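Input: a single structure, listed below in structure tokens.
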Amino acid sequence: MEPPVSAGFTRRIGLFQATTINMSQMCGIGPFVTIPLMVGAFGGPQAVVGWIAGALLALADGLVWAELGASLPGAGGTYVYLREAFQYRSGRLMPFLFVWTAMLFIPLIMSTGVQGLVQYLSYLWPGMTTGQGDIVGVAVLALVVLLLWRKVENIGRATVVLWGVMIVSVGAVILASFTDFHPSMAFTWPAHAIELTHGQFWVGFAAGLTIGIYDYLGYNTASYLGAEIKNPGRVMPRAIILSIVAIMGIYLLMQVGVLGVIHWQDMLDPDSVASRSVASAVLEQTWGKGAADTVTVLILITAFASVCAGLLGGSRVPYDAARDGMFFRAFGRLHPEHGFPVVGLLSMGAITAGGFLFARHIGNVAAHPPLTVLITLLTSVMVIVQALAQIAAVIVLRKRQPGLARPYRMLLYPLPAVVAAIGWTVIYGYADKANPGVHPVEWSLAWVALGCVAFLVWSKAEGAWPFGPKEIREEFLAAQVDDAEAARVG
């Protein structure tokens with residue numbers, strides 16, 4: 001029997017669509033724009049270490065998402081997991097903080113896709129000014145919102161088409177790179193490239209791990225659509241694991257292939273095409289300008305698909321919170337005809353536009369590329385309230401709700417959770433050192449502190465804990481009991 005769903009949603013998304021939604025969000029523009037950033041973090045072709053480390057962290061963290069998503073498949077993903085796990089001691093604090101934080105870090109993720117799209121567009125439009133780039137980015141977001149203004153099953157079909165474009169674009173870059181591949185360029189590392197006793201190596205490693213996990217982020221997108229996934233106990237874990245493994249193979253092939261065509265020093269030159277549009281540079285050098293232009297268009301479509309997939313999942317996050325009286329009530333309303341959360345979609349779109357414009361201008365002021373600013377801020381903001389909190393949620397739920405149906409149980413528990421916790425802690429602990437001048441840790445702590453203040457104000461108005469009694473509601477466990485009772489009576 002299917003688990004309970006949030007009011008207004010129906011389960012229509014299968015394994016293939018869920019996997020393509022994850023992969024479209026994971027790949028997007030990420031690897032096309034972050035290869036030079038990864039090379040810069042490590043200082044040479046040993047940057048491949050960053051992709052491998054990011055994949056290992058994604059796999060470990062993906063198993064956390066898999067267990068939670070299979071057992072608690074509700075709209076909003078992490079919101080549901082934290083609500084169920086932490087209600088016993090801190091009432092609604094953790095789920096409130098997650099929604100508060102998600103309203104910032106999900107748009108920041110989408111902003112990176114828009115920034116990458118504009119960055120690659122400059123290859124086809126070399127004379128584009130900063131102001132023109134701003135207009136293009138905002139226009140793209142408006143188009144994304146219009147595309148998502150429809151029923152989810154129609155969006156699922158469109159996502160499969162966009163996923164196909166993504167596969168063609170990355171496939172073209174990989175194929176082109178290996179037609180003119182020079183192993184000496186890809187596998188000759190600088191002297192002392194890996195010095196584990198040198199502090200600067202670990203700073204570069206942390207920066208590379210941050211970029212690596214950013215490129216894998218999106219393996220959880222289907223979890224936000226948990227109330228719309230068919231047979232989630234089977235589909236959710238498979239979609240997460242399949243998407244991570246598939247993207248890992250794509251990224252490693254692309255990284256090695258690009259390093260075998262473009263000198264890594266060229267990727268660090270801000271005036272070179274390779275630093276801004278490395279995939280286009282590979283195509284131009286191997287197959288000529290015409291092929292480079294064509295694949296650049298496909299990359300732009302891929303970036304667009306990533307933003308669509310991310311905004312699709314992100315717009316569902318505040319829905320359950322609003323239905324529970326934990327967020328602004330307007331976020332709990334669905335479109336009367338198409339059944340999607342209207343305010344969630346519009347607000348996420350607007351905040352994404354704001355994040356995109358902010359990073360493009362603050363990035364110049366801080367002497368950091370806008371993409372680096374966005375990646376650093378979003379990973380720091382999400383570590384405390386999502387990544388580490390979810391790892392704790394798996395452990396808490398196993399103790400608090402031992403009878404909860406778990407169609408998927410984490411392999412080698414608790415080892416993957418421990419590995420994921422170490423990885424996220426490294427990213428957070430080195431964030432300031434790896435990105436001087438941006439102050440990501442301070443920004444993240446300030447945002448969480450402000451969220452705690454907002455929670456107290458909200459709780460006072462609602463008469464909830466700590467100004468009222470705790471409300472313990474084991475929704476999925478209770479539904480299990482009701483189903484078992486109905487089956488017995490029937």
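As the structure is a prediction and not an experimental result, all values here were calculated from the model.
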**Study point:** Rounded distance [0.5 Å steps], CG in Asp215 versus CD1 in Ile250
**Key:** 12.0 Å
**Study point:** Validation row: Arg400, Glu84 side chains within 4.5 angstrom (heavy atoms)
**Key:** no
**Study point:** Residues Met410, Val64; criterion side-chain contact (heavy atoms from CB on, under 4.5 Å); working and verdict
**Key:** CA-CA 7 Å; Met410 184 187 298; Val64 173; 3.7 Å; yes
Exercise for review: Starting from the C-alpha separation in whole Å, work towards a yes-or-no answer on salt bridge (Lys or Arg N to Asp or Glu O under 4.0 Å) for Arg83 and Glu475.
Suggested key: CA-CA 10 Å; Arg83 182 194 69 196; Glu475 177 184 339; 2.8 Å; yes
Practice item. Take Tyr413 and Val394 through the test side-chain contact (heavy atoms from CB on, under 4.5 Å) and record every step on the way to the result. Key: CA-CA 10 Å; Tyr413 174 87; Val394 169; 3.9 Å; yes
Review point. Listed by chain and number, what are the side chain to side chain contact (heavy atoms under 4.5 Å, CB included) partners of Ser90, not counting sequence neighbours?
Key: Phe86, Leu93, Met94, Trp465
Practice item. Quick one: pull up CD1 in Ile241 and CE in Met236 and give me the separation to the nearest 0.5 Å. Key: 12.5 Å
Check your understanding: Is it the case that more than 12 heavy atoms not belonging to Glu471 sit under 6.0 Å from its CD atom?
Key -> no
Practice item. Would you tell me whether Asp61 and Tyr219 have side-chain atoms, one donor and one acceptor, within less than 3.5 Å of each other? Key: yes
Check your understanding: If you measure only the distance, is there a donor-acceptor pair under 3.5 Å linking the side chains of Ser169 and Thr302?
Key -> yes
Review point. What is the minimum heavy-atom distance between Ile240 and Ser223, and which atoms define it?
Key: CD1-OG, 4.0 Å
Review point. Is there a side-chain contact between Leu397 and Leu68, using heavy atoms and a 4.5 Å cut-off?
Key: yes
Check your understanding: Strictly under 6.0 Å, is that where the ring centroids of Trp202 and Phe205 end up?
Key -> yes
Check your understanding: If we only count heavy atoms from C-beta on, is the Leu63 to Leu412 side-chain gap below 4.5 Å?
Key -> no
**Study point:** Heavy-atom donor-acceptor pair, Gln87 side chain to Leu82 backbone, under 3.5 Å
**Key:** no
When the side chains of residues 106-114 are checked against the rest of the protein, which donor-acceptor pairs come out under 3.5 Å, sequence neighbours left out?
from	atom 1	to	atom 2	distance (Å)
Ser111	OG	Pro107	O	2.8
Ser111	OG	Thr352	O	2.9
Ser111	OG	Phe356	N	3.3
Thr112	OG1	Ile109	O	2.5
Thr112	OG1	Tyr214	OH	2.7

Check your understanding: Does a donor on one side chain sit under 3.5 Å from an acceptor on the other, for Tyr88 and Gln401?
Key -> yes
Revision key, fill the gap. Looking only at heavy atoms, the pair that brings Tyr81 and Gly69 closest together is OH-CA, 3.2 Å
Review point. Which distance, rounded to the nearest 0.5 Å, do you find between the CD of Gln390 and the CD of Glu67?
Key: 11.5 Å
Exercise for review: Can you see which heavy atom on Gly208 is nearest to which on Phe42, and at what distance?
Suggested key: CA-CE1, 3.7 Å
Point to revise | Under 3.5 Å side-chain donor-acceptor pair for Ser444 and Tyr428 | key: yes
Review point. Is any side-chain heavy atom of Arg11 less than 4.5 Å from a side-chain heavy atom of Lys230?
Key: yes
Review point. Out of curiosity, Leu57 CG to Ile427 CD1, how far, rounded to the nearest 0.5 Å?
Key: 5.5 Å
Review point. Is the NZ atom of Lys470 crowded by more than 12 outside heavy atoms at less than 6.0 Å?
Key: yes
Point to revise | Nearest non-hydrogen partners of Val39 and Met267, listed with the distance | key: CG2-SD, 3.8 Å
**Study point:** Rounded distance [0.5 Å steps], CD1 in Ile244 versus CE in Met23
**Key:** 11.5 Å
Exercise for review: Any chance you could measure Arg92, atom CZ, to Ser459, atom OG, to the nearest 0.5 Å?
Suggested key: 8.5 Å
**Study point:** Taking every non-hydrogen atom, the tightest pair across Tyr430 and Ala206
**Key:** CB-CB, 3.2 Å
Point to revise | Check: Trp65 and Pro237 side chains under 4.5 Å, non-hydrogen atoms | key: no
Check your understanding: Minimum heavy-atom separation for Ala58 to Tyr216, with atom names?
Key -> CB-CB, 3.8 Å
Check your understanding: Any side-chain heavy atom of Ile13 sitting closer than 4.5 Å to one from Val235?
Key -> no
**Study point:** Check: Phe98 ring centroid to Tyr79 ring centroid under 6.0 Å
**Key:** no
Check your understanding: Is the shortest heavy-atom distance from the side chain of Leu56 to the side chain of Val419 under 4.5 Å?
Key -> no
Practice item. Start with the C-alpha distance between Ile213 and Trp424, add both sets of side-chain angles, then the distance that settles side-chain contact (heavy atoms from CB on, under 4.5 Å), and finish with yes or no. Key: CA-CA 9 Å; Ile213 194 60; Trp424 288 116; 3.6 Å; yes
Exercise for review: Check step by step if side-chain contact (heavy atoms from CB on, under 4.5 Å) holds for Val342 and Leu334.
Suggested key: CA-CA 6 Å; Val342 177; Leu334 296 176; over 6 Å; no
Check your understanding: Does the side chain of Leu97 reach to within under 4.5 Å of the side chain of Cys452, using non-hydrogen atoms?
Key -> yes
